[in-house]
Amino acid sequence: MELYIFNTKSRKKEKLQPQKPPKVGLYTCGPTVYDYAHIGNMRAYVFSDTLRRVLEYNDFQLHHVMNITDVGHLVSDADEGEDKIVVEARKKKKSPYEIADFYTDIFFRHARKLNIKDPSITCKATDHIQEMIDFVKVLVDRGHAYEISDGIYFDISTFPDYGKLSGIDLEEQQEGARVEVNPEKKHPADFALWKKAPKNHIMQWPSPWGMGYPGWHIECSAMGLKYLDGFFDIHTGGVDHIPIHHENEIAQNWGYTGTEVVKYWMHSEFLQVDGGKMAKSLGNFFTLDDIEARGFDPLAFRYLLLNAHYRKKVNFTWEALEGAQKAIDRLTEHVLKFREAPAKKGCGPRLQKYKEKFLEAINDDLNVPRAIALVWDVLRGEEPASEYYQFLLDVDRVLGFGMKDMERKEEEISAEIRKLIERREEARNKRNWEEADAIRDQLLEKGIRLMDTPEGVRWERIRKKEE
RNA sequence: GGCGGCAUAGCCAAGUGGCUAAGGCGGAGGACUGCAAAUCCUCUAUUCCCCAGUUCGAAUCUGGGUGCCGCCUCCA
């Protein structure tokens with residue numbers, strides 16, 4: 001079975017042919033850790049996680065590298081700005097390293113709640129300053145970079161293919177439309193490889209060009225080349241990275257190696273909220289903690305994301321999340337039924353069909369929504385049998401809903417509620433329906449829903465209505 | 001100003017030339033139940049933003065229109 005993925009560079013689905021099969025080197029542009037990662041950020045990582053899971057499902061040997069950007073992101077203006085982490089540190093009166101560690105921890109906590117697997121290697125920019133300096137030195141030596149008063153810049157005029165990835169024609173770009181261009185730069189699109197630090201800049205390191213700190217794109221090149229042994233089979237990121245960040249990476253990689261080191265570029269689309277951009281100023285800026293605070297399961301959010309293709313914008317609404325939560329709750333119920341089911345003869349051929357269709361879906365540029373539909377076909381269309389349960393566990397290697405560990409929600413209930421449930425049982429035994437129903441309503445008010453099953457009463461906590 | 005994307009049922013969304021337009025949520029009806037809940041069954045887009053065209057055949061291709069969104073700053 002062949003795996004096809006959409007390559008941003010060619011704008012086509014291409015058959016995956018890694019340089020050294022069965023190995024696949026995957027690089028993911030990781031988080032900038034000066035603030036909370038929001039649910040839009042998390043979409044990008046659910047995407048790269050899905051990609052790696054699909055690769056693993058196809059028996060590729062995965063080598064997955066992700067960076068942690070803990071330095072070098074300017075506040076606003078490209079030339080006059082200040083490191084975002086530094087600003088944050090100043091505000092909170094902590095060291096930049098403490099700030100970065102704090103948000104890194106939260107990022108991984110959120111990632112794990114979403115069943116995002118840890119990359120093989122996670123690398124921090126601040127741990128690779130020397131590699132970046134060496135990289136820049138080579139670019140300077142080869143004439144791809146030049147020095148001006150505030151730093152070392154890449155000379156894009158030395159790279160004829162600049163703009164190819166995003167299809168940008170440099171001549172037609174409105175130069176400095178939103179940013180003032182440093183007049184010392186040879187071309188407005190020349191970008192910083194190394195910045196000279198003012199004295200009060202907290203994070204700075206010695207370099208051949210004096211004290212300073214690395215430019216914004218160099219870390220991915222330096223660390224990626226180091227940990228992926230000189231070649232990226234696949235490089236992922238959000239679509240916002242295409243025009244600047246990845247374009248610049250390509251340029252500097254080419255300047256450094258004289259060749260293209262990334263074969264497939266893959267980019268995930270944005271998550272929108274209520275059909276528009278998510279922004280702090282609009283008050284629709286959410287983190288996974290917000291989702292949990294409203295009583296939702298992080299995996300409901302995972303379901304919501306996986307229910308849409310990674311190259312399509314997905315519209316986040318609380319109503320949609322409600323639907324996703326319901327879906328995953330029911331999925332859980334079904335999975336449990338299948339787990340408890342005995343073996344059954346004769347499901348082999350049908351099972352085979354499902355397996356083929358599943359592989360066909362995910363290998364068609366990660367069409368996970370189609371794969372999920374298939375799971376429902378099994379859950380709703382087949383008699384529970386252990387063979388199907390094995391199939392579910394198998395596909396869950398890609399979907400990552402944690403089916404193996406799914407359990408009915410058995411949350412803690414207070415003694416008071418337990419007592420009410422018991423009193424209702426007594427009333428029911430006496431066929432005192434009025435009292436029993438009254439207690440049931442009372443419990444519902446408290447967010448407890450009762451279900452009288454043949455095996456006795458069951459209960460579950462329900463989410464309180466929004467607002 | 002430049003570039004790009006999208007428009008499929010109340011909501012979230014698959015599908016990109018040809019059997020009956022996936023799936024989930026919601027809704028309706030039925031079974032079950034003391035009544036419910038949960039579960040199960042059935043139904044829920046004669047039609048894919050509009051108009052014109054190509055074609056034996058289009059949600060899918062082409063042209064035009066409308067609407068929405070994003071990017072052009074180191075935001076995934």
Side-chain angles (χ1 to χ4, degrees), chain A residues 28-32 35 37-48 69 72-79 81 83-84 166-169 171-180 189 191-192 215-217 219 236-245 248 267-272 275-280 285 303-305 307-309 311-331 333-334 337 361 367-377 379-380 428 431-434 436-437 440-441 444 449-454 457-460 462:
Chain A
T28 296
C29 274
T32 301
D35 203 348
H38 53 68
I39 55 175
N41 296 124
M42 297 320 286
R43 183 180 190 195
Y45 304 108
V46 168
F47 155 63
S48 57
T69 300
H73 283 242
L74 301 179
V75 139
S76 57
D77 181 277
D79 295 309
D83 193 306
K84 281 180 178 171
S166 47
I168 282 172
D169 183 346
E171 302 308 312
E172 287 177 11
Q173 286 295 298
Q174 208 173 3
E175 293 172 358
R178 295 167 69 187
V179 182
E180 232 178 286
F191 55 94
W216 329 304
H217 316 290
E219 59 176 279
T236 70
V239 285
D240 55 318
H241 281 157
I242 299 171
I244 305 286
H245 182 51
N248 292 351
H267 296 94
S268 54
E269 251 299 348
F270 268 40
L271 173 91
Q272 300 192 333
K277 189 174 179 167
M278 177 166 59
K280 275 184 176 163
F285 185 94
Y303 186 97
L304 179 79
L305 293 178
N307 193 38
H309 188 86
R311 281 193 289 117
K312 287 275 186 81
K313 292 180 187 73
V314 70
N315 191 20
F316 177 88
T317 62
W318 291 105
E319 188 187 358
L321 187 61
E322 192 78 47
Q325 179 72 60
K326 274 275 170 55
I328 200 146
D329 286 347
R330 285 184 185 155
L331 190 96
E333 284 294 328
H334 281 98
K337 241 171 32 192
N367 196 328
V368 180
R370 219 162 81 203
I372 290 178
L374 196 66
V375 167
W376 283 108
D377 284 347
L379 294 176
R380 294 220 155 124
R428 285 190 71 221
R431 307 184 71 80
N432 184 351
W433 309 127
E434 267 176 40
D437 291 353
R440 185 170 63 198
D441 291 344
L444 202 58
R449 178 160 57 204
L450 296 184
M451 292 168 278
D452 299 324
T453 73
V457 64
R458 257 178 60 202
W459 59 269
E460 70 178 8
I462 56 170

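Residue numbers start from 1 in every chain, and the chains themselves are labelled A, B, ... in the order their sequence lines are given, proteins ahead of strands.
To the nearest angstrom, C1' of B:G24 lies 14 Å from CG of A:L305. Remark: P of B:C12 and CD1 of A:I372 are 17 Å apart, rounded to the nearest angstrom. Atom P of nucleotide B:U39 and atom CE of A:M451 are separated by 9 Å, given to the nearest angstrom. To the nearest angstrom, P of B:C11 lies 18 Å from NZ of A:K326. Separating the CG atom of A:L321 from the P atom of B:G24 is a distance of 18 Å, rounded to the nearest angstrom. Here B:G70 presents its P atom at 14 Å from CZ of A:R43, a figure rounded to the nearest Å. Atom OH of A:Y303 is separated from atom P of B:C11 by 18 Å (rounded to the nearest Å). The CG-C1' distance, from A:L271 to B:G5, rounds to 16 Å in whole Å.
Taking 4.5 Å as the limit, every side-chain heavy atom of A:F47 sits out of range of all side-chain heavy atoms of A:T28.
Within the 4.0 Å cut-off from OP1 or OP2 of B:A76, not a single side-chain nitrogen or oxygen of A:R311 is found. Side-chain N/O atoms of A:R330 include one lying less than 4.0 angstrom from OP1 or OP2 on B:U39. Contact between the side-chain N/O atoms of A:N315 and the OP1/OP2 oxygens of B:C11 is not found at any separation under 4.0 Å. Remark: A:H267 is not in phosphate contact with B:G5, judged by side-chain N or O atoms under 4.0 Å from OP1 or OP2. Contact between the side-chain N/O atoms of A:K277 and the OP1/OP2 oxygens of B:C71 is found at a separation under 4.0 Å.
Distance from the side chain of A:A327 is smallest to B:G24 among B:C11, B:A76, B:G24. With distances taken from any side-chain atom of A:I244 to the nucleotides B:U73, B:C40, B:C12, the minimum falls on B:U73. Residue A:H38 has its side chain nearest to B:A76 when only B:G23, B:G4, B:A76 are considered. The nucleotide whose nearest atom lies closest to any side-chain atom of A:K312 is, among B:C25, B:C75, B:U16, B:U16. Among the nucleotides B:C12, B:G34, B:G23, the one closest to the side chain of A:A373 is B:G23. Residue A:R440 places its side chain closer to B:C35 than to any other of B:G24, B:C35, B:A22. In the set B:C71, B:C69, B:U73, the nucleotide with an atom closest to the side chain of A:Q272 is B:C69. Side-chain proximity of A:M278 to B:G34, B:C25, B:A76: nearest is B:A76. Closest contact between the side chain of A:D437 and the listed nucleotides B:A76, B:G34, B:G24 involves B:G34. Side-chain proximity of A:H309 to the nucleotides B:A76, B:A14, B:A36 is greatest for B:A14.
Applying the 5.5 angstrom centroid cut-off and the 30 degree plane-angle cut-off, the aromatic ring of A:W376 is not stacked upon the base of B:G23. Residue A:Y45 and nucleotide B:A76 are not classified as a stacked aromatic pair, given the requirement of ring centres less than 5.5 Å apart at an interplanar angle below 30°.
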Subject >> Working for salt bridge (charged side-chain N to carboxylate O under 4.0 Å, His left out), residues A:K312 and A:E269 >> reply: CA-CA 6 Å; A:K312 287 275 186 81; A:E269 251 299 348; over 6 Å; no
**OP:** Run the numbers on A:K326 and A:D329 for salt bridge (charged side-chain N to carboxylate O under 4.0 Å, His left out), then give the verdict.
**Re:** CA-CA 5 Å; A:K326 274 275 170 55; A:D329 286 347; over 6 Å; no
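Counting any heavy atom pair closer than 4.0 Å across all strands shown, A:G237 reaches sugar-phosphate atoms only and no base atom. At a threshold of 4.0 angstrom between heavy atoms, the contacts of A:R380 are confined to the sugar-phosphate backbone, with no base atom among them. The residue A:L450 sits close to a base: some heavy atom pair falls under 4.0 Å. In this structure, A:M42 reaches neither bases nor backbone, as no heavy-atom distance under 4.0 Å exists between it and the strands shown. Among the atoms of the strands shown, only primed sugar atoms or phosphate atoms (P, OP1, OP2) are found under 4.0 Å from some heavy atom of A:N367.
Look at the P atom in both B:C3 and B:U16: the space between them is 29 Å, to the nearest Å. A gap of 10 Å separates the P atoms of B:A31 and B:A36, to the nearest Å. Remark: the separation of the P atoms in B:C40 and B:G23 is 15 Å, to the nearest Å. A gap of 11 Å separates the P atoms of B:U60 and B:G18, to the nearest Å. Atom C1' of B:C71 sits at a distance of 34 Å from the matching atom of B:U47, rounded to the whole Å. Nucleotides B:C43 and B:C49 are separated by 27 Å at their C1' atoms, to the nearest Å. Rounded to whole Å, the separation between the C1' atoms of B:G67 and B:C50 comes to 11 Å. Taking atom C1' on both nucleotides, B:A37 is separated from B:A76 by 41 Å, rounded to a whole Å.
Interatomic distance, CE of A:M278 versus CZ of A:F270, reported as 8.5 Å (0.5 Å rounding).
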